[in-house]
2 protein chains.
Amino acid sequence: MEKNYDALKLDNQLCFPLYAAARETVKHYRPFLDELDITYTQYIAMMVLWEKDCVTVKDLGERLFLDSGTLTPVLKSMESKGLVERKRSGEDERCLIVSLTEEGKKLKEKAVEVPAKVSKCFNLTGEEAVTLYFLLKKVLEK
Amino acid sequence: MEKNYDALKLDNQLCFPLYAAARETVKHYRPFLDELDITYTQYIAMMVLWEKDCVTVKDLGERLFLDSGTLTPVLKSMESKGLVERKRSGEDERCLIVSLTEEGKKLKEKAVEVPAKVSKCFNLTGEEAVTLYFLLKKVLEK
DNA sequence: CACAATTAGATTGTACACAATTTATTATAC
DNA sequence: GTATAATAAATTGTGTACAATCTAATTGTG
């Protein structure tokens, strides 16, 4: 009786297409984000700030599922580009507050065109995209 | 008339939950893969080899959506662990053929337990998982 | 109030990802 | 047959990810 290894086939994995689709999709952003001179990680950090200026690294990390080990260098790079400022909170010196510069705020005007451009690269109907969105949200819960 | 920036809200993005869910899911593998002393990238490369031994770097890359810039160091690391061998093809010296060592083949016995352990971490019903799987596959097409 | 525990970021070290370039080899065109 | 184009990996350089550790500031407890 041969042991069954089907569970190990790449085509039977849920995680692998998730991992691959995420990378392929992020790649679609590159030509558009190159025009803004930012990376994808910087783009999602900017999205948080465009929605609500002045957030701590902790808040940003919880929102983006990233820790300080990832965010610290990313935010320093964004600061050196003149997109954000980083300063310690007066209330609690442990917290570092990230805020938009004028240039960072201005970038929103160019960025607002990006989602529509990228959505054209998706190989899904509107309905499929909605279904996918809610399933992914569910994966991220808890 | 205020311009509409809703398209830039993080909660309105499809790519972001895809990106975040992929990373969170890969993270679930870590404790189980630690026991096998391999990383997630090495795990999916091994899955390809367990299915069909002896593949070129090019084939592996097409299957995993990874290029030689990523695979070369990963495969060298796997070689140094004694899991695979790397040798040039006799037919075409440009091609490098990756094959399993005995130890690499043996690891399959331990690995076969991993998928079941990880699937318990998924917050989805069986039906939802199937739907998600096919939507992700569609995203990856062409 | 002292001091242990907690918390927020920063740092360190390892491992990808990926664009761009380079090198070696094979295929093609004249 | 030789120059040219194409192909497969390797290399280089930049930018994340993330676990583990460290440091400084704050909080909780006796």
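Just so we're clear, the structure is a prediction, and the values are computed from it rather than from any experiment.
Rounded to whole Å, the distance from CD on A:Glu62 to C1' on C:dT7 is 12 Å. Here the P atom of nucleotide C:dA10 and the CG atom of A:Asp67 are 12 Å apart, to the nearest Å. Rounded to an integer number of Å, the gap from CG of B:Leu66 to C1' of C:dC16 is 9 Å. Atom CZ in A:Arg86 sits roughly 10 Å away from atom P in C:dG9 (whole-Å rounding). When rounded to the nearest whole Å, the span between NZ of B:Lys76 and P of C:dT14 equals 18 Å. If you take CG of B:Leu64 and C1' of C:dC16, they are 13 Å apart, rounded to a whole angstrom. Distance, B:Tyr29 OH to C:dC16 P: 16 Å, rounded to whole Å. In this structure, NZ of B:Lys81 is placed 7 Å from P of C:dA15, rounded to the nearest angstrom.
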Next on the checklist: B:Lys105 vs B:Glu102, test: salt bridge (charged side-chain N to carboxylate O under 4.0 Å, His left out). Steps then yes/no.
Outcome noted: CA-CA 5 Å; B:Lys105 287 174 191 166; B:Glu102 280 311 310; 3.4 Å; yes

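Between A:Val74 and A:Asp92, the residue anchored closer to the 5' end of DNA chain D is A:Val74, taking for each the nucleotide with the nearest heavy atom. Along DNA chain D, the nucleotide closest to A:Ser68 and the one closest to A:Arg94 are compared, and the more 5′ of them pairs with A:Ser68. Nearer the 5' end of DNA chain C, as judged by each residue's closest nucleotide, is the contact made by A:Tyr19, out of B:Glu91 and A:Tyr19.
Ring pair B:Phe16/A:Phe65 is tilted by interplanar angle, where 30° to 60° counts as tilted. Between A:Tyr19 and B:Tyr40, the two ring planes are perpendicular [angle over 60°; tilted spans 30° to 60°].
The salt bridge (Lys or Arg N to Asp or Glu O under 4.0 Å) pairs that include a residue from residues 68-80 of chain B are B:Glu79-B:Arg86, where partners are two or more places apart or lie in different chains.
Axis angle, first five pairs versus last five pairs of the helix from C:dC1-D:dG30 to C:dC30-D:dG1: 10°, rounded to 10°.
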Scan the side chains in residues 54-64 of chain B for donor-acceptor partners under 3.5 Å anywhere in the protein, sequence neighbours excluded, and list what turns up.
from: B:Thr56; atom 1: OG1; to: B:Asp59; atom 2: N; distance (Å): 3.0
from: B:Thr56; atom 1: OG1; to: B:Asp59; atom 2: OD2; distance (Å): 3.2
from: B:Lys58; atom 1: NZ; to: B:Glu62; atom 2: OE2; distance (Å): 2.8
from: B:Arg63; atom 1: NH2; to: A:Asp11; atom 2: OD2; distance (Å): 3.4

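Once you apply a 4.0 Å limit to the heavy atoms of chain A, the touched nucleotides of DNA chain D run 5' to 3' over D:dG15 to D:dT26.
Within the model, atoms OG1 of B:Thr41 and CG of B:Leu75 stand 10.5 Å from one another, a figure rounded to the nearest 0.5 Å. In this structure, CZ on A:Arg30 lies 9.5 Å from CG on A:Leu33, to the nearest 0.5 angstrom.
For A:Tyr133, the ring pair (Phe, Tyr, Trp, His ring centres under 6.0 Å) criterion is met by no residue, not counting sequence neighbours.
Looking at A:Asp53, its side chain does come within 3.5 Å of a backbone N or O of A:Leu100 through a donor-acceptor pair. Between the side chain of B:Lys9 and the main chain of A:Met47, no donor-acceptor pair closer than 3.5 Å is present. Looking at B:Thr125, its side chain does come within 3.5 Å of a backbone N or O of B:Glu128 through a donor-acceptor pair.
Contact annotation: A:Arg88 does not reach the phosphate of C:dG9 (side-chain N/O to OP1 or OP2, under 4.0 Å).
Closest non-hydrogen pair, A:Lys81 versus A:Ile38, comes out as NZ-CA, 3.9 Å.
Non-hydrogen atoms lying under 4.0 Å from DNA chain C are contributed by A:Thr56, A:Val57, A:Lys58, all within residues 38-60 of chain A.
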